[in-house]
Number of protein chains: 2
Amino acid sequence: MATIRDVAKTAGVSIATVSRVFNGNTAVSEDTATQVWTAASALDYWPNGAARSLTTSRSNTLGVLLPDLYGDFFSEVIRGIDQLAKREKYQTLVSGSHASVEDVLIATRAMRGRIDGLVMMAPDSITVESVTKIRRRLPVVLISPPFAVDGCSSVSIASFSGARAVVAHLVGLGHREIAMVAGPAGNVDAEERLRGYHRGLAEAGIPPRAELVVQGDFRESSGYAAAAALLDRRPRPTAVFAANDCMAIGLMSALGNAGLSVPHDMAVVGFDNITMAQYMRPPLTTVHVDAYALGQKAVRLMLDILSDPEGEKVTVQTIDVVLKVRCSCGAKPAVATNTMLGAEADQ
Amino acid sequence: MATIRDVAKTAGVSIATVSRVFNGNTAVSEDTATQVWTAASALDYWPNGAARSLTTSRSNTLGVLLPDLYGDFFSEVIRGIDQLAKREKYQTLVSGSHASVEDVLIATRAMRGRIDGLVMMAPDSITVESVTKIRRRLPVVLISPPFAVDGCSSVSIASFSGARAVVAHLVGLGHREIAMVAGPAGNVDAEERLRGYHRGLAEAGIPPRAELVVQGDFRESSGYAAAAALLDRRPRPTAVFAANDCMAIGLMSALGNAGLSVPHDMAVVGFDNITMAQYMRPPLTTVHVDAYALGQKAVRLMLDILSDPEGEKVTVQTIDVVLKVRCSCGAKPAVATNTMLGAEADQ
DNA sequence: TGAATTTATGAAACCGTTTACATCGTGCTC
DNA sequence: GAGCACGATGTAAACGGTTTCATAAATTCA
């Protein structure tokens, strides 16, 4: 394995000069530079990353922590992260499946000295203290954090606005008995969607009925199970809002088995707009979340911090969502408009 | 940022001792060890990865190169890779979207000194030379390589067997005029599936009709476009095998628009078994590919090489595929069996 | 032409670890 | 009680780069 010394010897210069050439330092004559390049390519030399980051204490690598790597959503987030990072000459050290706070701390510890910053979608159980602890050593940008951390930038999904719009849309179609299949307790987006649901009802002057909210866990099976519970309610709901598409799909399948037709007997709306949503029969009305943009935005924030660590200004951004009206809600898609729902409406 | 020296000073020992403690070296008395641990946790110390890999020339990191990070398939591959790597205390340095050979070389170069091995799903245009060049510095395991590289381990998909089984299945249902929407030229799996299709026909004694093979590019739109072409053929095919599910889905959608019913007027079969396949109406008969296992197996091979670089034995593995009989082919799923199609049948 | 400035290059310190080798007690053996 | 083996610890040399500072050569300027 050729080192900088080998190249220096071959090119007949000092190692300092070789280093200068590889770092684009101008204080090197053109002749010398070409000699160095020739020697380097002859030896197939390229600076050793570890050695380089040891001296510079820069790795040009971003750490990426995700609770899981499963499914449409996360893969899009990663894609957004990877693509922007790559364009800006950063590498990405990825790690998935971090269920506990302990897990997260171990993972960040293992990354020590290898990354310049951490883009993290933390598990729901994460605490302010642990984030603070990590931030003492590294810039951190959070994706969809369950809480605000003082001085920490983050990017979130406009879950609240989206949910509120769903309810408003259903009300507009004439529904009054609107049920919800909620996401797991403790998950921010689940809770924000629930909050948006309640707000939507309130704004329509519909008194909330607690028995119309069924607990789910974001998985298809819990959507399936929710159907049975909801069909027992009297008066029976005429519309159901599921906190994500997976549960909506499970729900629709259960409704189908129960002999009900969607949207005629029951309107269904989901959240996330996973690829499958448009292929359902009927196509699922849902709220589109741009996961790719989510990842990109997080990296953009991180790069801003890295380019000027002193001037780090806390930025709490929100990714807009879009109501995708299809058929499962009973509206005529051609008539409906896809409204963008931004953060400005989030309170 | 606390270094090993700070810990040594606080604990009242030398840096060698601290290092020993962190590396599980036994030649340290219990008392000293606890002192070191206390000092370390008080200072929130953990060894710097870059420095460590500089001295040991081991990074405990696997490089992962993929042509893209988009969609079901790749995300599952990554998940398989990440999960096994994590379990074995390896990190993963991921990089997607490498369209050209040049791209790949740049990426591997940038990883120099940061990774112990490279798991790569190369672009179709990759050459033997470039792989050889990379292998001079690093162990490499290829995923679905377009060719065999001397002495290089790899994991592939049993595309040939799968395709052959699809044709056999269709023939068993009574079809004789079987069309195919092929994948992009130059892609191994596309070509293997085409080869399997031809073999399947041959084994059934059906003479191939060149005009029944339509070129696609693995994308939905090309499947959609293929429908028009195939409906013009006389005699009209009664079944179509698409080289992947995306194209099959596009095809079905076009057939629907043309007023044909699947499977009654035309049987359709795909390949990959993406999540969506089972939610199609009718559910899509397809060949299941375990992308997660693909990623896992690649990492397993890499770990074997790393644990004993001398004893590197070339292993060319194949991931079995399974024919998933659903409704789009016209068979009664209850009757059909899901046969596992292994590498042993690949010739 | 000589001093002042600029430009190109080299020498050496340093980054934070690991590890080979040296050192120093301590308890055993004969 | 000298000699020895052994266990616990320290010293110092790598590892492969970057960067500060010094220096020699080339250029500018009066």
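Numbered from 1 within each chain, the chains take letters A, B, ... in sequence-line order.
Taking the centre of each ring, A/Tyr45 and A/Trp37 stay at or above the 6.0 Å mark.
Counting heavy-atom neighbours within 6.0 Å of A/Asp308 CG, excluding the residue itself, gives a total above 12. Other residues, nucleotides and ligands place no more than 12 heavy atoms under 6.0 Å from the OH atom of A/Tyr70.
Candidate nucleotides D/dG17, C/dG16, C/dT17 were compared by shortest atom distance to the side chain of A/Pro47, and D/dG17 ranks first.
DNA chain D lies under 4.0 Å from at least one heavy atom of each of the following residues of residues 12-23 of chain A: A/Ile15, A/Ala16, A/Ser19, A/Arg20, A/Asn23. A heavy atom lying under 4.0 Å from DNA chain D marks none of the residues of residues 108-115 of chain B.
In the interface, the side chain of A/Arg5 is paired with the base of D/dG17 through a donor and an acceptor atom under 3.5 Å apart.
Put simply, B/Thr32 has a side-chain N or O that comes within less than 4.0 Å of OP1 or OP2 on D/dT9. Between B/Ser29 and D/dT9 there is a side-chain N or O to OP1 or OP2 distance below 4.0 Å.
With respect to the salt-bridge test (charged N to carboxylate O, under 4.0 angstrom), the residues A/Arg87 and A/Asp82 do not qualify.
Side-chain atoms of B/Asp116 do not come within 3.5 Å of backbone N or O of B/Leu62 as any donor-acceptor pair. Checked by atom type and distance alone, the side chain of A/Lys133 never pairs as donor or acceptor with a backbone atom of A/Leu105 at under 3.5 Å.
Inter-axis angle, ends of the helix from C/dT1-D/dA30 to C/dC30-D/dG1, five pairs per end, rounded to 10 degrees: 40°.
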Would you list the atom pairs, donor with acceptor, under 3.5 Å between side chains in residues 119-129 of chain A and any protein atom, with sequence neighbours excluded?
{"unit_1": "A/Asp124", "atom_1": "OD1", "unit_2": "A/Asn187", "atom_2": "ND2", "d": "3.4"}
{"unit_1": "A/Thr127", "atom_1": "OG1", "unit_2": "A/Ser130", "atom_2": "N", "d": "3.2"}
{"unit_1": "A/Thr127", "atom_1": "OG1", "unit_2": "A/Ser130", "atom_2": "OG", "d": "2.7"}

For residues 289-306 of chain B, dump all side-chain donor-acceptor pairs below 3.5 Å to protein atoms at least two apart in sequence or in another chain.
{"unit_1": "B/Asp290", "atom_1": "OD1", "unit_2": "B/Tyr292", "atom_2": "N", "d": "3.3"}
{"unit_1": "B/Asp290", "atom_1": "OD1", "unit_2": "B/Ala293", "atom_2": "N", "d": "3.1"}
{"unit_1": "B/Tyr292", "atom_1": "OH", "unit_2": "B/Gln83", "atom_2": "OE1", "d": "2.7"}

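Separating the OH atom of A/Tyr45 from the P atom of D/dG16 is a distance of 10 Å, rounded to the nearest angstrom. Between the CG atom of B/Asp31 and the C1' atom of D/dA8 there is a distance of 12 Å, rounded to whole Å. In this structure, A/Lys9 atom NZ and D/dG16 atom C1' are separated by 15 Å, rounded to whole Å. The separation between B/Gln35 atom CD and D/dT9 atom C1' is 12 Å, rounded to whole Å. Put simply, CD1 on B/Ile4 is 16 Å from P on D/dA12, counting in whole angstrom units. In this structure, CZ of A/Arg58 is placed 16 Å from P of C/dG16, rounded to the nearest angstrom. Rounded to a whole Å, the CG atom of B/Asn48 is 13 Å from the C1' atom of C/dT18. If you measure from atom CG of A/Leu54 to atom P of C/dC14, you get 14 Å, rounded to the nearest angstrom.
Residues A/Asp189 and A/Ser144 bring a donor and an acceptor atom of their side chains to less than 3.5 Å of each other.
Applying the salt bridge (Lys or Arg N to Asp or Glu O under 4.0 Å) definition to pairs two or more places apart or across chains, those involving residues 104-115 of chain B are A/Asp44-B/Arg112.
Atom CD1 of A/Ile78 is separated from atom CG of A/Leu69 by 4.5 Å, given to the nearest 0.5 angstrom. Taking OG1 of B/Thr318 as the reference point, atom CD1 of B/Ile157 lies at 10.0 Å (rounded to 0.5 Å).
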